[in-house]
Novice: 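Sharing a structure here in structure tokens format.
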Amino acid sequence: MYEHDVIVVGGGGAGLRAAIAAHEEGADVAIVTKLHPVRSHTGAAEGGINAALQEGDSWEDHAYDTMKGSDYLGDAPAVDTFAQDAPEEVIQLEHWGMPFSREEDGTVSQRPFGGLSFPRTTYAGAETGHHMLHTLYEQVVKRGIEVYDEWYVSQVAVTDEDDPNERDCHGVVAWDVQSGEIAGFRARDGVILATGGLGQAYDHTTNAVANTGDGVAIAYRAGVPMEDMEMIQFHPTTLPSTGVLISEGVRGEGGILYNSEGERFMFEYGYATNDGELASRDVVARAELTEVQEGRGVEDEYVYLDMRHLGEERITDRLENILHLARDFEGVDGLEEPMPVKPGQHYAMGGIEVDEHGETCIDGLYAAGECACVSLHGGNRLGGNALPELLVFGARAGSHAAGADMPEPKIQTGPDPDAEREELGVPVGEPGATEAAADGGAVENPDSDPEAVVEATAEEERERIETLLEREDGVNHADVRADLQESMTENVNVFREEGSLKQALRDIQDARERYQDVYVADKSRTFNTDLQHTIETRNLLDVAEAITMGALARDEFRGAHWRKEHQERKDDEYLKHTLVSWNDGEPELWYRPVILEGDEQTYEPKIRSY
Amino acid sequence: MSTQTPDTDSETEQPSSTSPQERRMAEKQARKEQREADEAAADNEIQGETVELKVFRYDPEIEGKEEPRFDSFTVPFEKGMTVLDALIFARDEYDSSLTFRHSCRQAVCGSDAFFVNGSQRLGCQTQIADLDGPVRVEPLPHQDVVKDLVVEMDHFYDQMESVDPFFDPDETPEDELEEQRQDRENREQVKLSTRCIWCGACMSSCNIAAGDNKYLGPAAINKAYRFYMDEREGENKRQERLEIIEAEHGVWRCQTQFSCTNVCPKDIPLTEHIQELKREAVKQNLKFW
């Protein structure tokens, strides 16, 4: 058994920032990550980091923009905290040597971004995430923080009280991908999940292959609710064959969207009469899909994004990276041809329910970054708000886990026994939930001695993996995953309607049944990615189900969540968060009110006109 | 998350028309044109057909797999398909035990550097249409193989960490909201060096590193360059860095063969950075005499 004060799961931006913060509190910290930290998906972020730095700007304005952008599904204590802490976090990165783009006087540059009332986005070329990830990792190296890279965490070790609000987290179970060794990691003070996105629930996503929602699923099965999972952001310009992101900057510089008839449809079909191609992401994504559905798509799949008219000089000066991406990943020369684009899954606004200090309802279990939902982004995340989120809440989770003194949280967490449970009329949940082989559910622990809890969880994991490896034949996880991804893209995408959502839930249930017979063809303990992907697929089933349940139950139109039969925002009914709790293999859906009362002001919902 | 840099990302503004950087860019451009011509020819051949992959296989603990061998996979070709796409198809459709690292699929995570048709490349960044078939995929040379295409990266990471790869100024502003200003010129000087994604292609291509396990290697020296050339670090730290850089297994081992520069998927002028640091070392030593 390995032992540390604080265990951080995940080596991306949030994990690294949390580890640094915990280390600064004096804790013995370790990062356990299935990739090497510099391989994390934070490195793919392009745009920038929002923070109110300049005269004329203020944290209050940043908070207001964020709340409005969220379509009033953010919680004010989270939004205020975020906007207040962001400036110091950004300048701290600067002090750590992050190569920001600079103004003539040597100060960091800031530029305008969608949904912001002030140009408050700092950036480092078009590779902001790459530079941020490497700068944070450099600080981890400098401090000598221990990193277990290529260790895959598959369980959290928690006590087994009936009520999740009374459970304690004592560590995690992980296996060394290179050797196959399965080990318990005891965390004396806390575990922080920072496992990033879940885009692999869809077959067309900007997310890395590693983004399988592991942290969300293991916290969920340990008893933590998943919050606002239906709120998935779709980016309108991704390459059709791979999902690689083509930056909003192309449209910002004057790029134009055309349909197969050569029409500039954003204007000609009146999707956004004023803003055209620069309308907000959800509007453009819906417009593109409408064109395709009405027969004006190219090859019945995508539309064209054209930047040729900008001229070679301007393109190579400002959009150089886009030329490489189009050329390398689609085989298209952006100087000679228009680029094919279509909407793709991009970001999960929902995730593990946490308070503003990053803590879940389970004592000692924290989450930060994209896997967590505090809730900051609500129904729609503004561009440039993801990177400061992982800094601010990564740091807070790290400090709190390491014992820093924090005030009583204003955001409540944990299953609320008094909340009314919503019935969906479609079967959901785990068939044969008690069968250990394909399950990752709550562990029955012999007693509450921390080390015994960790060891019992590790032992159960060894048995589960042994069983998976012993099966001689059955279903290939890749087939289950592919069918799941296809159904999610078909039924729970940009456009959502009751019939398709129910179909998706039936497909997910069917995938669960088949997953019971899943087997791993590779019998090697050495670097067994077949086994790892099999476990990940189980996690994808859980997160996909919660996304779909939330989407079916929320019969209104808010932020990124569009329902065909319900074309208005229903503030009377839905100023509340969707929660899905695991109750012995049965997902339960319920709601908690949004907190609109902030430090300085109470946010009044206004119509968010597009 | 998006939009592009409005200012400084042009690589064309070099001070002198005969600078090594400019010559390298011209060569690169020529290679690109050649590749495009080749691709047009290859397109006609491969389009709509299949591609044959010959993939290196090895598993130390499974009977029958512990002897290295090549497996052939026939994969349906699609326009835009990359080497990584083809490997994923082979794995998911034919043999789920086929093992390789990959994650972002967009040339920024650096995990899928392989030896493709005799050259170090990122699988995700390499179009099948650019290659002659059959496509031969092997693990990076000069690194221990863990399994199939997965190589041991620990030595690479150790070398990266041996150069103190972190910004270390003497002092930072007391006001936590005040920047340490850096002029644009200085940022331009270090910009290319900051693009490294730690894929290890350069190290694997380097003959010197292959023969000298202690040689820092192009990636680590480039990392040192990034901080040494940053004017905001203090004089003491610069001196310390110079000592690391010019130690016995440092910059002087480089024989300017340009193989690292040729394979770098992020177009970092690694060899030039090493030469610049050699010049710095000479200048510094002259000062003491």
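Letters go in sequence order (proteins before strands), and every chain restarts at 1.
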Novice: In terms of heavy-atom proximity below 4.5 Å to chain B, should Leu35(A) be classed as side chain, backbone, both, or neither?
Specialist: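 Contact with chain B is through the side chain of Leu35(A) alone.
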Novice: Give me the ring orientation class for Tyr137(A) and His36(A): parallel if the planes are under 30° apart, tilted from 30 to 60°, perpendicular past 60°.
Specialist: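 Perpendicular.
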Novice: Is Ala478(A) in contact with chain B via its backbone, its side chain, both, or neither, using a 4.5 Å heavy-atom distance?
Specialist: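 Interface part for Ala478(A): side chain.
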Novice: Under 4.5 Å from any heavy atom of chain B, what part of Asp105(A) do you find: side chain, backbone, both or neither?
Specialist: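 Both parts, backbone and side chain.
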Novice: Would you call Lys79(B) and Glu330(A) a salt bridge, using N to O less than 4.0 angstrom?
Specialist: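 Looking at Glu330(A) together with Lys79(B), the answer is no, because their closest N to O distance does not fall below 4.0 Å.
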Novice: side-chain hydrogen bond (donor to acceptor under 3.5 Å, both in side chains) with Gln127(B): which residues, sequence neighbours excluded?
Specialist: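 Once residues adjacent in sequence are excluded, Gln127(B) has no partner under the side-chain hydrogen bond (donor to acceptor under 3.5 Å, both in side chains) criterion.
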Novice: In terms of heavy-atom pairs under 4.5 Å with chain B, which of Glu104(A), Gln92(A), Lys523(A) leads?
Specialist: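 So the answer, after comparing Glu104(A), Gln92(A), Lys523(A), is Glu104(A).
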Novice: Answer yes or no for Arg69(B) and Phe56(B): cation-pi contact, defined as NZ/CZ to six-membered ring centre under 6.0 Å and angle to ring axis within 45°.
Specialist: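 Geometry flag: not set, cation outside 6.0 Å or 45°.
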Novice: Salt-bridge test for Arg105(B) and Asp112(B): reply yes if a basic N is under 4.0 Å from a carboxylate O, no otherwise.
Specialist: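 No.
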Novice: Most heavy-atom pairs under 4.5 angstrom with chain A, which of Ile197(B), Asp230(B), Asp148(B)?
Specialist: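 Highest number of heavy-atom pairs under 4.5 Å: Ile197(B).
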Novice: Select, from Cys196(B), Ser103(B), Pro169(B), the one with the greatest count of heavy-atom pairs under 4.5 Å involving chain A.
Specialist: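 Maximum pair count with chain A is reached by Ser103(B).
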Novice: Looking only at heavy atoms, what is the nearest atom pair of Ala220(B) and Leu216(B), with distance?
Specialist: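 Shortest heavy-atom contact: CB-O, 3.5 Å.
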Novice: Tell me, for His95(A) versus chain B, whether the close heavy atoms (under 4.5 Å) come from the side chain, the backbone, both or neither.
Specialist: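 Its backbone and side chain both get close to chain B.
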Novice: Which answer fits Glu88(A), side chain, backbone, both or neither, if we ask what part of it has an atom under 4.5 Å from a heavy atom of chain B?
Specialist: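 The answer is both parts of Glu88(A).
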Novice: At a heavy-atom separation under 4.5 Å, does Thr237(A) approach chain B through its side chain, its backbone, both, or neither?
Specialist: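 No part of it gets close to chain B.
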Novice: With Thr537(A), which residues qualify under side-chain hydrogen bond (donor to acceptor under 3.5 Å, both in side chains), at least two apart?
Specialist: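 Applying side-chain hydrogen bond (donor to acceptor under 3.5 Å, both in side chains) to Thr537(A) gives His477(A), Arg481(A).
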Novice: Taking every heavy-atom pair that is under 4.5 Å apart, which of Arg91(B), Met81(B), Glu176(B), Glu152(B) has the most such pairs with chain A?
Specialist: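 Maximum pair count with chain A is reached by Glu176(B).
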